[in-house]
Engineer: 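Provided herewith is a single structure, encoded as structure tokens, for subsequent inquiry.
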Number of protein chains: 2
Amino acid sequence: MENPKKKTLGRRKIEIKKIEKKSSLQVAFTKRRGGLFRKASELTVVCGVEVAILVKSPADKLHSFGHPPDVEALISRAEEKIVGGMEQYLKFLEDFGGKVEENLR
Amino acid sequence: MENPKKKTLGRRKIEIKKIEKKSSLQVAFTKRRGGLFRKASELTVVCGVEVAILVKSPADKLHSFGHPPDVEALISRAEEKIVGGMEQYLKFLEDFGGKVEENLR
DNA sequence: AGTACTATGGTTAGTAT
DNA sequence: AATACTAACCATAGTAC
């Protein structure tokens, strides 16, 4: 072997909890946002579906992903119905796509 | 070995293009939507940020992910500004979070 | 329409630039 | 704030239920 010494320890297992070290958090955010958007992109292609994502960064910048490209396309159809709060929102979901499937955290 | 024969071939490399076989597409959608939402969930926790996702399924059902849980929280702040089309939308993004970062497909 | 299985393909932590 | 690096951790294709 040229260099028997490993250059890095490789990916380490982590607990899913907030990273406190600011520099690490920034790096993690950049990579994970990229990963999320790539997955979303693959989903739109592989399954031929519409996806819209909004992410607010640690620095309070807003990042968006949308296919169709104009994020509005999916979201704007909601704006009229969303005003009334959750009840109206759920009703919109029904109007939009029939049966409603939700995944909230 | 109890059974030297492998039960599956394991994950296979695929090209990122639309799956035509309906049954395979449904399975892929279920798994990839789950994966996307899990990644989104981890992002909210690990980086302490807000994320909202809307996905329209192959069967035209709408699936949503949101943290904060009421997807409105992030989206509703957009509804007033979105009406005016992309120009207004971009302006909203600026108002919302300062510098705008976009990732469109 | 969702879950279980498992080997393999793919993502990413920690660090440096 | 984003990218390069590498080993280790994780997601998932294809199939059956």
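Here is the naming used below: chain letters follow the sequence lines, and residue numbers restart at 1 for every chain. No experiment lies behind these values; they were computed from the predicted model shown.
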Engineer: Over how many whole Å does the gap from A:K22 atom NZ to C:dG14 atom P extend?
Structural biologist: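 Rounded to whole Å, this separation is 19 Å.
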Engineer: Calculate the interatomic distance between A:L43 atom CG and C:dG10 atom C1'; express it in whole Å.
Structural biologist: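 In whole Å, C:dG10 C1' and A:L43 CG are 16 Å from each other.
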Engineer: Looking only at the side chain of B:K7 (C-beta and beyond, no hydrogens), which of the listed nucleotides D:dA1, C:dG2, C:dT6 gets closest?
Structural biologist: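 The answer is C:dT6, which lies nearest to the side chain.
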Engineer: Whether the side chain of A:T30 engages the backbone of A:Q26 through a donor-acceptor N/O pair (distance < 3.5 Å, no angle test) should be reported.
Structural biologist: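 Such a contact is found between A:T30 side chain and A:Q26 backbone.
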Engineer: Let's see if you can work this out: which of C:dT3, D:dA1, D:dA13 has an atom nearest to the side-chain heavy atoms of B:A28?
Structural biologist: D:dA13
Engineer: Just N and O in the side chain of B:T30: are any of them under 4.0 Å from OP1 or OP2 of C:dG2?
Structural biologist: yes
Engineer: Taking only the side-chain nitrogens and oxygens of A:R33, find out if one of them lies under 4.0 Å from OP1 or OP2 of D:dA1.
Structural biologist: no
Engineer: Answer yes if A:V27 and A:I19 sit in the same cluster of Ile, Leu, Val, Met, Phe, Trp and Tyr residues linked by side chain heavy atoms under 4.5 Å apart, and no otherwise.
Structural biologist: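 Each belongs to a different hydrophobic cluster.
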Engineer: Under 3.5 Å for both donor-acceptor distances, Watson-Crick or wobble: does D:dA8 have a partner, and if so which one?
Structural biologist: C:dT11
Engineer: Can you check the A:F29 CZ to D:dA1 C1' distance for me, whole Å?
Structural biologist: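 Whole-Å distance recorded here is 11 Å.
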Engineer: For the side chain of A:K39, starting at C-beta, report the closest nucleotide among C:dG2, C:dA7, D:dT12.
Structural biologist: D:dT12
Engineer: What contact category does B:K31 fall into here, base, sugar-phosphate, or nothing, at under 4.0 angstrom with non-hydrogen atoms?
Structural biologist: base
Engineer: Give me the atom names and distance for the closest heavy-atom approach of A:C47 to B:A28.
Structural biologist: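 Looking at all heavy atoms of both residues, the closest pair is SG-C, 4.1 Å.
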Engineer: Confirm from the modelled atom types if A:K21 and C:dG14 form a donor-acceptor pair under 3.5 Å, side chain to base only.
Structural biologist: no
Engineer: Under 4.0 Å: is that the gap between some side-chain N or O of A:R38 and OP1 or OP2 of C:dT11?
Structural biologist: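 Answer is yes, contact under 4.0 Å.
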Engineer: In the structure I gave you, are the side-chain heavy atoms of A:E50 and B:L54 within less than 4.5 Å of one another anywhere?
Structural biologist: no
Engineer: Looking at the base of D:dA11, is there any donor atom on it, or on the side chain of B:R11, that sits under 3.5 Å from an acceptor on the other one?
Structural biologist: yes
Engineer: Is there a side-chain contact between B:V49 and A:P58, using heavy atoms and a 4.5 Å cut-off?
Structural biologist: yes
Engineer: Let me check something: do B:L25 and B:I16 share a hydrophobic cluster, defined by ILVMFWY side-chain heavy atoms less than 4.5 Å apart, either directly or through other members?
Structural biologist: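 Cluster IDs for B:L25 and B:I16 match.
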Engineer: Taking atom P of C:dT15 as reference, at what distance in whole Å does atom CG of A:L25 sit?
Structural biologist: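 In whole Å, C:dT15 P lies 15 Å from A:L25 CG.
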Engineer: Could you tell me the separation between the NZ atom of B:K17 and the P atom of D:dA13, rounded to a whole number of Å?
Structural biologist: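 Whole-Å distance recorded here is 14 Å.
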Engineer: Mapping B:V27 and A:K13 onto DNA chain D by nearest heavy atom, which one lands closer to the 5' end?
Structural biologist: A:K13
Engineer: Could you tell me how far apart B:Q26 (CD) and D:dC17 (C1') are, to the nearest whole angstrom?
Structural biologist: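 These atoms are roughly 15 Å apart.
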Engineer: State whether the distance check finds a donor on one side and an acceptor on the other, under 3.5 Å, for side chain B:R12 versus base C:dT8.
Structural biologist: no
Engineer: Starting from P on C:dT11, measure out to CZ on A:F37 and report it in whole angstrom.
Structural biologist: 16 Å
Engineer: Using whole Å, what does the distance between atom P of nucleotide D:dG14 and atom CD1 of B:I19 come to?
Structural biologist: 7 Å
Engineer: Mapping B:I14 and B:S57 to their closest nucleotides on DNA chain C, which lands nearer the 5' end?
Structural biologist: B:S57
